[in-house]
Amino acid sequence: MSDLQRPALCCCRKAPVEGGPSPCPERCQRVDVASASNFHSFRLRHFHLDLRLDFAAKEMSGRQVLELVPLQAGVQTLVLDAHPSLLVHSIDCTVPGAAGSPDRCLSLTYRLDPFTDYGSSLIISLPAAVVRPRRTLQITVRYTTTDGPAIWWLDAGLTSGQTSPLVFTQGHSVCNRSFFPCFDTPAVKSTYSATVHVPEGVTVLMSSSHSAYSEQDRAFQFSMEFPVPAYLVALVAGDLQPADIGPRSRVWAEPCILTSAVSKLGGSVERWLAVAEGLFGPYVWGRYDIVFLPPSFPVVAMENPCLTFIISSILESHEFLLIDVIHEIAHGWFGNAVTNATWEEMWLSEGLATYAQRRITTEAYGEAFTCLETMFRLDALHRQMRLLGDTNPMSKLQVKCEPGVNPSSLMNLFTYEKGFCFVSYLSHLCGDIQSFDSFLRSYIQQFQFCSVVAEDLLNLFLGFFPQLKEREGLDFDRWLNECGPPLYEPDLSAGAILTEPVQCLCELWGEEVPEPQAIASFDLSSWSTFQTVLFLDRLLDRSPLPQEVMTRLSCCYSALLDGMNAEVQIRWLQIVVRNRFYPDLPRVRSFLHKHTSRMYTVPLYEDLCAGVMKCFAAEVFSQTQARMHPNLRRTLQQILFQSSTPPSETPLPLLPVTSPAPAPTPTDMPSTGCISLRNVNVSA
């Protein structure tokens with residue numbers, strides 16, 4: 001039997017019995033230290049949410065109905081992942097009656113036990129009489145959930161329009177256990193449906209393949225017909241308006257930013273989808289809609305199926321918007337259709353999606369564009385490598401997830417860029433990029449709607465290219481389990497037409513101030529955003545710079561950079577702060593007054609507090625904190641006060657507004673500053 005004809009494997013790599021059902025939906029004895037659940041004892045066929053949103057109380061309340069099939073006899077408990085912010089009111093079980101008899105409803109006993117600082121164990125006792133292997137159980141959990149890690153309630157003042165409140169969820173990696181009780185592991189996938197009741201004038205969207213609205217009940221109905229893991233269930237509700245941008249794509253946003261979002265994306269999304277389908281096979285999810293969320297959205301973008309969530313701040317930069325949307329499109333194949341079975345192998349999602357994103361941009365915009373974007377990302381990877389050191393275990397592709405460690409903390413540039421380099425290495429081994437495209441299509445066909453581990457990918461790869469089995473030096477284990485930088489990086493010489501001017505300008509700005517005529521030969525206003533950020537990132541790497549060089553840099557570029565997008569501005573302002581260039585501090589103040597997004601505030605505050613500008617940072621923070629989400633406010637307070645304790649669930653009080661602090665004098669300046677990992681410039 002050829003590799004293409006082999007039946008799909010389970011996430012534990014066990015083949016199904018001849019003529020029997022596929023084992024993929026049924027969990028084998030896989031260990032996931034981030035989940036308290038006994039997911040290997042049950043098959044989750046489907047679950048339904050019936051929720052009511054209360055914006056005044058900032059609560060979701062209702063019920064969840066789970067359809068479960070026990071996989072063995074003698075199961076006495078059902079253990080689900082939950083969270084202290086989730087209050088369970090009651091749990092019952094529907095028992096099918098005998099022929100002609102009505103079903104019975106039994107009340108079940110349960111308890112909520114501590115698990116980690118990011119979750120709890122919901123332990124439900126199951127009557128022996130109702131547990132039968134291969135027979136469906138229906139468990140109903142009635143609960144209320146408030147402002148847990150997954151659920152972000154925004155008062156009107158924190159939204160883009162500042163007229164109506166908004167709520168959204170963010171499940172990655174293990175946050176959705178505070179949204180609904182679940183098997184919160186990527187090894188488990190199921191279909192789901194939902195009914196959401198809301199006040200008049202509120203629009204609800206979910207990551208579902210079908211939706212409808214009942215005006216009489218003021219309820220939105222959703223269903224996801226394809227199996228997804230718990231972290232990909234997402235909801236947003238507020239004053240959201242739609243605009244079609246293609247035959248299967250729509251933009252949703254608050255009215256004040258809808259026009260901008262439509263004009264920036266235009267008909268591009270359908271073009272990108274078509275290119276991706278040509279490379280990797282049909283887009284199976286039907287819709288590809290996008291919702292733009294306020295600046296308090298905690299990540300840049302999230303690949304929720306059928307409905308990408310993306311931060312509205314990214315609209316400032318066309319190129320970053322393009323890359324981020326294409327990356328989330330790529331997740332439709334890599335991450336959503338085929339998912340990493342454990343959080344220790346997130347590179348199977350992010351590394352493959354990054355590779356796919358760059359295949360799409362190469363087809364759509366040319367190799368030079370892709371090489372430029374790749375170069376500035378790999379620069380960031382090496383920057384992080386210098387901060388971590390070559391032996392730091394966080395640089396492994398398969399990072400060990402220790403009990404009690406939130407798997408979200410394992411996600412870093414290596415997940416994306418070292419993963420991308422490994423996938424590029426596999427493509428390089430083939431010698432033909434189109435043959436590797438064919439392999440990736442086979443990978444999707446083989447494991448669609450399943451969860452996999454690295455061995456599944458590599459076994460299929462060697463089966464698809466059997467000639468490589470005899471090749472010496474294919475040490476895949478080194479790639480997966482050794483610390484340090486990638487063992488291979490792709491050839492980026494095709495981007496030289498775009499990267500060489502950047503390199504030449506960087507060399508010009510050395511230890512001495514260059515001649516004016518030499519500077520004038522480089523016109524930054526004609527450069528792309530990626531060229532400009534590559535230039536600024538490399539200046540940032542060389543900081544601190546001589547003060548006379550900083551003075552000339554500011555004279556040449558500061559006013560020009562002020563008119564560019566936030567991705568450019570923040571890099572220049574980090575250079576200003578790290579070089580303690582006080583004449584441009586007003587620009588730092590103006591930027592932080594305008595931007596309240598985590599992606600732009602945290603790096604600048606960390607730089608300010610690493611040097612002698614903490615008083616300046618505290619002053620700006622006191623003036624702007626009222627416009628920040630409480631979670632961001634807590635993060636910045638911890639940076640300001642060097643707290644090592646985890647963020648509290650209770651919002652910290654606002655700091656008093658103080659009079660402007662005097663600028664530090666040059667004699668107060670330390671010679672070096674502490675640079676944390678969050679200083680590394682890269683979008684998620």
Decide yes or no on side chain to side chain contact (heavy atoms under 4.5 Å, CB included) for Glu512 and Val549, but give the supporting numbers first.
CA-CA 7 Å; Glu512 298 180 0; Val549 171; 5.9 Å; no
Does Val453 form a side chain to side chain contact (heavy atoms under 4.5 Å, CB included) with Asn340? I'd like the steps, not just the answer.
CA-CA 6 Å; Val453 294; Asn340 46 282; over 6 Å; no
Evaluate side chain to side chain contact (heavy atoms under 4.5 Å, CB included) for His428 paired with Tyr488, printing each intermediate quantity in order.
CA-CA 10 Å; His428 171 72; Tyr488 165 89; 3.5 Å; yes
One pair to check against side-chain hydrogen bond (donor to acceptor under 3.5 Å, both in side chains): Tyr600 and Glu567. What are the steps and the verdict?
CA-CA 8 Å; Tyr600 299 133; Glu567 292 288 346; 3.3 Å; yes
Which is it for Thr635 and Tyr605 under the side chain to side chain contact (heavy atoms under 4.5 Å, CB included) test, yes or no, and what are the steps along the way?
CA-CA 10 Å; Thr635 297; Tyr605 274 97; over 6 Å; no
Go through the steps to decide whether Lys594 and Glu316 satisfy the test salt bridge (Lys or Arg N to Asp or Glu O under 4.0 Å), and finish with yes or no.
CA-CA 13 Å; Lys594 177 183 177 182; Glu316 284 199 19; 3.6 Å; yes
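Taking NE2 of His595 as the start and CG of Leu573 as the end, the distance is 9.0 Å to the nearest 0.5 Å. Between the OG atom of Ser313 and the CG atom of Leu321 there is a distance of 11.5 Å, given to the nearest 0.5 Å. Within the model, atoms OG of Ser590 and CG of Asp562 stand 8.0 Å from one another, a figure rounded to the nearest 0.5 Å. Rounding to the nearest 0.5 Å gives a distance of 8.0 Å between CG of Leu410 and OG of Ser173. Put simply, OH on Tyr416 and CG on Asn412 are 9.5 Å apart, with the number rounded to the nearest 0.5 Å. To the nearest 0.5 Å, atom OG of residue Ser424 and atom CG of residue Asp491 are 11.0 Å apart.
By the 4.5 Å heavy-atom criterion applied to side chains, Leu232 and Ser207 are not counted as neighbours. Met302 is listed as a side-chain neighbour of Phe297, based on a closest heavy-atom distance under 4.5 Å. Glu606 has its side chain within reach of Ile639: a pair of non-hydrogen atoms, C-beta onward, lies under 4.5 Å apart. Inter-residue side-chain proximity for Pro294 and Glu254 is flagged as met; some heavy-atom pair is nearer than 4.5 Å. A 4.5 Å side-chain heavy-atom check between Val533 and Trp572 finds every atom pair outside the cut-off. Annotation: side chain of Trp527 is not in contact with side chain of Leu498 (no heavy-atom distance under 4.5 Å). Between Val423 and Phe420 there is no side-chain heavy-atom pair separated by less than 4.5 Å. Residues Ile570 and Met599 form no side-chain contact, since every pair of their non-hydrogen atoms from C-beta on lies 4.5 Å or further apart.
For the residue pair Thr339 and Ser451, no side-chain donor N or O sits within less than 3.5 Å of a side-chain acceptor on the partner. There is a side-chain donor-acceptor pair under 3.5 Å between Asn565 and Thr529. A donor and an acceptor atom, one from each side chain of Ser427 and Tyr355, are located under 3.5 Å apart. In this structure, a donor-acceptor pair under 3.5 Å is present between the side chains of Gln398 and Glu345. For the residue pair Arg538/Gln503, the side-chain donor-acceptor check at 3.5 Å is satisfied.
Aromatic pair Trp343/His172: ring centres closer than 6.0 Å. Checked against the 6.0 Å centroid threshold, Phe376 and Phe320 count as a close aromatic pair. Checked against the 6.0 Å centroid criterion, the rings of Trp347 and Phe422 qualify as a close aromatic pair. For an aromatic pair to be called close, the ring centres must be under 6.0 Å apart, and Trp252 with Phe292 fails this. Aromatic pair Phe449/Trp333: ring centres not closer than 6.0 Å.
Residues passing the side-chain hydrogen bond (donor to acceptor under 3.5 Å, both in side chains) test with Thr499: none are found, sequence neighbours excluded. In this structure, the salt bridge (charged side-chain N to carboxylate O under 4.0 Å, His left out) partners of Glu277, at least two apart in sequence or on a different chain, are Arg248. With sequence neighbours excluded, no residue forms a side-chain hydrogen bond (donor to acceptor under 3.5 Å, both in side chains) with Glu548. Under the salt bridge (charged side-chain N to carboxylate O under 4.0 Å, His left out) criterion, Asp477 pairs with no residue, sequence neighbours left out.
Side chain of Asn579 to main chain of Ile575: a donor-acceptor pair is present (N/O by atom type, distance under 3.5 Å, no hydrogens or angles). Put simply, the side chain of Ser395 gets close to the backbone of Asn392: a donor and an acceptor are under 3.5 Å apart. No donor-acceptor pair under 3.5 Å is formed between the side chain of Asn481 and the backbone N or O of Arg478. Arg271 places a side-chain N or O within 3.5 Å of a backbone atom of Ala364 that can act as its donor or acceptor partner. Proximity of a side-chain donor or acceptor of Ser442 to a complementary backbone N or O of Ser438 within less than 3.5 Å is not detected. Lys396 places no side-chain N or O within donor-acceptor distance of the main-chain N or O of Cys483, the cut-off being under 3.5 Å. The backbone N or O of Met346 sits nowhere less than 3.5 Å from a side-chain atom of Ser349 that would complete a donor-acceptor pair. Checked by atom type and distance alone, the side chain of Asp244 never pairs as donor or acceptor with a backbone atom of Gly246 at under 3.5 Å. Within the 3.5 Å criterion, the main-chain N or O of Asp523 finds a donor-acceptor partner in the side chain of Ser526. Checking side-chain atoms of Ser543 against main-chain N and O of Leu545 turns up no donor-acceptor pair under 3.5 Å.
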Under 3.5 Å, side-chain donor or acceptor atoms of residues 303-312 against the rest of the protein: list the pairs with distances, not counting sequence neighbours.
from, atom 1, to, atom 2, distance (Å)
Thr308, OG1, Tyr288, OH, 2.7
Ser312, OG, Leu293, O, 3.0

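Among residues at least two apart or in separate chains, salt bridge (Lys or Arg N to Asp or Glu O under 4.0 Å) pairs with a member in residues 282-296 are Arg287-Asp289.
Applying the side chain to side chain donor-acceptor pair (under 3.5 Å) test between Arg358 and each of Glu363, Glu367, Glu373, His327 identifies Glu373 as the sole match.
Note: Phe530 and Phe369 have tilted aromatic rings, judged against thresholds of 30 and 60 degrees for the angle between ring planes. Relative ring orientation between Phe439 and Phe465 is described as tilted, the plane-to-plane angle lying within the 30° to 60° band. In this pair, Tyr443 and Phe334 present their aromatic rings parallel. The plane angle is below 30°, not in the 30 to 60° band.
A salt bridge is absent between Lys418 and Glu489; no separation between the charged side-chain nitrogens and carboxylate oxygens falls under 4.0 Å. With respect to Asp584 and Arg587, a salt bridge is recorded, a charged nitrogen being found less than 4.0 Å from a carboxylate O. Under a 4.0 Å N-O distance rule, the pair Arg377/Glu350 does not qualify as a salt bridge.
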